[in-house]
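Reckoned from all heavy atoms, side chains included, excluding hydrogens, waters and symmetry mates. Starting from 1, each residue takes its place in the sequence as its number.
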Amino acid sequence: MNRELIFLRTFAFAAVIGIVFLTASAFKTDGHQKFTEIDVERINIVEKDGTVKMIITNVGKFPNGDDKVNGSSPNKTRKKRSGMLFFNEEGIECGGFIYDGQKNKNGHSSGLSLTYDQYDGDQVMQLLTQDYQKGDQRIVASGLYFNDRPKKESQIRTGEIMEELDALKNDPAARQKKYREYEEQELIGGAPRMMLGKTKDENNGLFLFDSKGQPRARFCVDKNNEAKLDFLDDKGNVTASFPEKKDGK
């Protein structure tokens with residue numbers, strides 16, 4: 001009886017060791033998985049410390065509102081869209097790629113935006129395209145934009161300022177005054193400085209803007225296939241052109 005008991009105990013112990021070994025071997029991998037096809041609503045690309053560096057997402061899982069990424073939610077009011085968001089080594093959002101498109105009561109509306117942000121700020125470079133219906137007219141505009149951003153801009157502080165300004169929406173004068181105060185402090189604002197592409201009025205070319213975002217020069221081919229170079233004042237009036245207009249034409 002003692003020998004049988006010892007045998008059974010030994011057999012049970014050996015069986016347990018074997019099961020543990022086989023289980024560990026079955027789940028042991030080199031960290032690399034290969035899939036032929038995968039369906040997923042959102043992918044978070046993270047560093048070993050858990051810092052999110054990129055998000056690939058559908059519309060429903062797009063972070064907005066009070067959704068936090070890397071401990072903060074600086075952009076609470078943006079629309080949900082499918083695409084990607086990029087984050088730097090400190091976990092701060094630094095750009096993204098979004099797109100949408102659907103039919104509506106006017107016909108359709110679609111667009112695409114690829115952006116790169118100033119450090120802890122908003123976009124300084126943007127590839128943008130828009131395609132929408134306005135009455136019987138289809139309007140398509142695409143361009144590569146370069147923008148100036150405020151020197152003291154901060155994503156979290158900008159969010160706080162926008163909430164403060166939104167609370168003054170019923171008092172436009174007070175809202176405008178407060179906006180200018182923050183603009184003078186270089187906390188909000190910014191302006192486009194250059195655009196290369198096609199405008200809504202079908203001019204294709206290079207467009208230059210001053211520090212306030214006002215157009216000051218354009219070299220383009222218009223919808224009549226005429227090439228021209230225009231210089232404008234701060235009111236948008238043409239001050240000089242090449243080739244020069246003749247007989248008021």
Exercise for the section: May I ask you to decide whether Lys79 forms a salt bridge with Asp100, counting only side-chain N to carboxylate O separations under 4.0 Å? Expected result: yes
Practice task
Indicate yes or no: does Glu160 engage Arg157 in a salt bridge with an N to O separation below 4.0 Å.
Solution key: yes
Handout entry: Distance-only donor-acceptor check, side chains Glu90 and Tyr119, under 3.5 Å
Key = yes
Problem - Donor on one side chain, acceptor on other, Ser241 and Asp230, under 3.5 Å - result: yes
Exercise for the section: May I ask you to check whether Glu164 and Tyr182 show a side-chain donor-acceptor distance below 3.5 Å? Expected result: yes
Exercise for the section: Answer yes when Lys169 and Glu163 have at least one side-chain N-carboxylate O distance shorter than 4.0 Å, and no when they do not. Expected result: no
Handout entry: NZ (Lys198) with more than 12 external heavy atoms under 6.0 Å
Key = yes
Exercise for the section: With side chain to side chain donor-acceptor pair (under 3.5 Å) as the test, would you mind laying out the steps for Gln102 and Ser110 before giving the verdict? Expected result: CA-CA 6 Å; Gln102 61 184 338; Ser110 67; over 6 Å; no
Handout entry: Side-chain donor or acceptor of Thr158 paired with backbone N/O of Ser154 under 3.5 Å
Key = yes
Exercise for the section: Would you mind checking if Lys223 and Asp201 are paired as a salt bridge, meaning a charged N to carboxylate O distance below 4.0 Å? Expected result: no
Exercise for the section: Keeping the roles fixed (side chain from Gln155, backbone from Gly121), state whether a donor-acceptor pair exists under 3.5 Å. Expected result: yes
Practice task
Give a yes-or-no answer on whether the side chains of Arg149 and Asn147 include a donor-acceptor pair shorter than 3.5 Å.
Solution key: no
Practice task
Is it possible for you to say whether Val221 and Leu196 belong to one hydrophobic cluster, with membership spreading through side-chain heavy-atom contacts below 4.5 Å?
Solution key: no
